[in-house]
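Atoms within each ligand, like the ligands themselves, are counted from 1 in listed order. Predicted, not measured: the structure shown is a model, and the values here were computed from it.
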Amino acid sequence: MNRDTAQLIVCHDCDLLQREIALKKGCSASCSRCGALLYRNATDSINRTLAWTAAAFIVFIIANIFPIFAIELQGDRSVLNLIEAVSSIWTQKMQLMSLVVFVTTILIPTVEMLSMIYLLSSLKMLRIPFGHIMIMKMIRVVSPWGMIEILMLGMLVSLVKLTSSFKVILGLALWSFGLLTFLLAAAAASFSARHIWNLIDKIGGMKS
Ligand SMILES: [Zn+2]
């Protein structure tokens, strides 16, 4: 990249203004003063993030439909999935808790995954999706509030406690949540907002 036409980039940690340089695939650039990560040249970011997110969404549906675990007590078996767990917390007069669990483990992951699939599949077809600025902002705001990983930990802890008093049968959803944790981590690792903005600029430039 020519020094005069190179873009300037500001470090979000120490505000140092630096010139952007082209990176090899898979490499990252750090701030020359504080060492904070400035940007990455994520390998095939759009395709990989789309593939991981689509796989995560399918597994997420399975995780919500099938039982997490079943408990057997004196021959009676009670089966529980995530939505039933949320509504059972609600009926036990813990509405706020039920709402928090619903928002962080069902609503936000659904909205985030669907927006990501819509955004990335449009870009892949070289179309700028409707409302892309709002979607990008929303993904940034909501993503820290998706708590599938915390839910997974919570389920494992309660499982250990339950097995001491009941016969517990593990359900398909429990394995699905485990797999989901890895898929979401892979999607987050291949996601690059900078890559998306660059592609949006490029598509915009082609159409004008
Ligand atoms: Zn810095």
Quick one: does [X]'s side chain get under 4.5 Å of [Y]'s, heavy atoms only?
{"X": "Met138", "Y": "Val111", "value": "yes"}
{"X": "Leu174", "Y": "Phe66", "value": "no"}
{"X": "Val86", "Y": "Ser98", "value": "yes"}
{"X": "Leu23", "Y": "Tyr39", "value": "yes"}

With Asp44 via side-chain hydrogen bond (donor to acceptor under 3.5 Å, both in side chains) - residues at least two apart
Asn47
Backbone N/O of Ile68 and side chain of Asn81: donor-acceptor pair under 3.5 Å
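Absent.
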Under 2.8 Å from the Zn ion (ligand 1), protein N/O/S atom count?
4
